[in-house]
Amino acid sequence: MERFITLLSFLTRIPVKTSGKLDEEFHKSAKYFSLVGIVLGIFYLIFGLATSKIFGAHIGALVFISTNIILTGGLHLDGLGDTFDGLYSYRDKDRILEIMKDSRLGTNALLAILILILFKIALADKFISQGYYYGLFFMPVMGKMASVLACYKGKTAKKNGMGNAFIGKVSAIDFYIALGIGILAMVLPSILIKDYSIAIINVTVVIIVIILTLGYMNHVYKIIDGLTGDILGAICELSEVVYLFMYYLGVTLWQLFI
């Protein structure tokens, strides 16, 4: 429980009481990544749904994204920006890592963050307008599952960094526990309301996101031969927006053909 609370404090800005100390085996807390996603998903769902009922889908979508940014402290968006600034500067590895470490915001970072947020707002608007509220809850769970996959399968690109607490250190057992918790959270609502389309679509999307995450990791390896904490943040953000795309597409196709 102490590790979970510390992880929650590490990955979010949710005010929890913790020592904040990362012990030598803190990587074992990776099994709780999906639980962090569940906690975030509950907040996103509550705030997005409540405001949409009062002010409509557009405002609900904006509040949903604002809650996303506030509760994570923009941590993953910062990683996304640094990743795009560095990886797509087309320099050598050492220079790329220097650029990623630079706190200044470059053009690539600005464009990547702006485009991702716009897509999230547009998709959240669609979800709320058409009553696909579960997607707001599932999104951060998917992002955290993709992150723990990258930690499990990944290797570090540099000697020091916050991401090194997890990258390459997550055991198979901890990864599968995180994956199991995440998938259970994504299929349980379907079982409870006896609408198995949600479970089928979610499991399909999880498989797709896993494949895409592994593919993106291979792409990164060709550039800097490893992962950093910033790249983990980028993987989380990209997986979330891909999840929203694929879930909405899945629901739409299900209604058309089944």
Task: Member of Tyr133, Tyr247, Phe137 meeting the ring pair (Phe, Tyr, Trp, His ring centres under 6.0 Å) criterion with Phe127 - done: Tyr247
Compare all side-chain heavy atoms of [X] with those of [Y] and state whether any distance is below 4.5 angstrom.
X      : Y      : result
Lys120 : Met139 : yes
Ile69  : Leu77  : yes
Asp85  : Asp102 : no
Val36  : Thr12  : yes
Met145 : Met186 : yes
Leu116 : Leu238 : yes
Pro140 : Tyr44  : yes
Ile193 : Tyr134 : yes

Under 3.5 Å, is there a donor-acceptor pair between the side chain of [X] and the main chain of [Y]?
X      : Y      : result
Ser239 : Gly143 : no
Asn164 : Thr156 : no
Ser89  : Gly86  : yes
Lys93  : Ala157 : yes

Check whether more than 12 heavy atoms from other residues, nucleotides or ligands sit under 6.0 Å from atom [atom1] of [X], and answer yes or no.
X      : atom1 : result
Tyr176 : OH    : no
Lys158 : NZ    : yes
Met217 : CE    : yes
Ile173 : CD1   : no

Test of understanding: clusters of I, L, V, M, F, W, Y form through side-chain heavy atoms closer than 4.5 Å, transitively. Do [X] and [Y] belong to the same one?
X      : Y      : answer
Val251 : Leu249 : yes
Ile46  : Ile128 : yes
Leu184 : Leu45  : no
Leu75  : Phe26  : no
Ile210 : Val203 : yes

What are the two closest heavy atoms between [X] and [Y], and how far apart are they?
X      : Y      : value
Asp230 : Thr83  : O-OG1, 3.2 Å
Leu232 : Cys151 : CD1-SG, 3.7 Å
Phe47  : Val63  : O-CG1, 3.8 Å
Lys169 : His27  : O-CD2, 3.3 Å
Ser34  : Ile181 : CB-CG2, 3.9 Å
Ala146 : Val209 : CB-CG1, 4.3 Å

TODO: Just say parallel, tilted or perpendicular for the rings of Tyr88 and Phe84, cut-offs at 30° and 60°.
DONE: tilted
Task: Aromatic plane relationship, Tyr216 with His219 - under 30° parallel, 30 to 60° tilted, over 60° perpendicular - done: tilted
Open item on the list: Exactly one of Asp82, Leu110, Asp78 should register a side chain to side chain contact (heavy atoms under 4.5 Å, CB included) with Leu105. Which one does?
Closed with: Leu110
Task: Test item: side-chain donor near acceptor, Ser197 and Asp195, under 3.5 Å - done: yes
Open item on the list: Pairing donors with acceptors under 3.5 angstrom, does anything connect the side chains of Tyr243 and Asn202?
Closed with: yes
Task: Salt bridge flag under 4.0 Å for residues Arg91 and Glu98 - done: no
Open item on the list: As a quick check of understanding, evaluate ring-ring contact (aromatic ring centres under 6.0 Å, His included) for Tyr152 and Phe166, giving each step before the final call.
Closed with: CA-CA 8 Å; Tyr152 168 52; Phe166 295 102; over 10 Å; no
- [ ] Please determine if Lys155 forms a cation-pi arrangement with Tyr221, meaning its NZ or CZ atom is less than 6.0 Å from the six-membered ring centre and no more than 45° off the ring axis.
- [x] yes
Task: Distance in Å, Ile198 CD1 paired with Tyr132 OH, rounded so as to fall on 0.5 Å steps - done: 10.5 Å
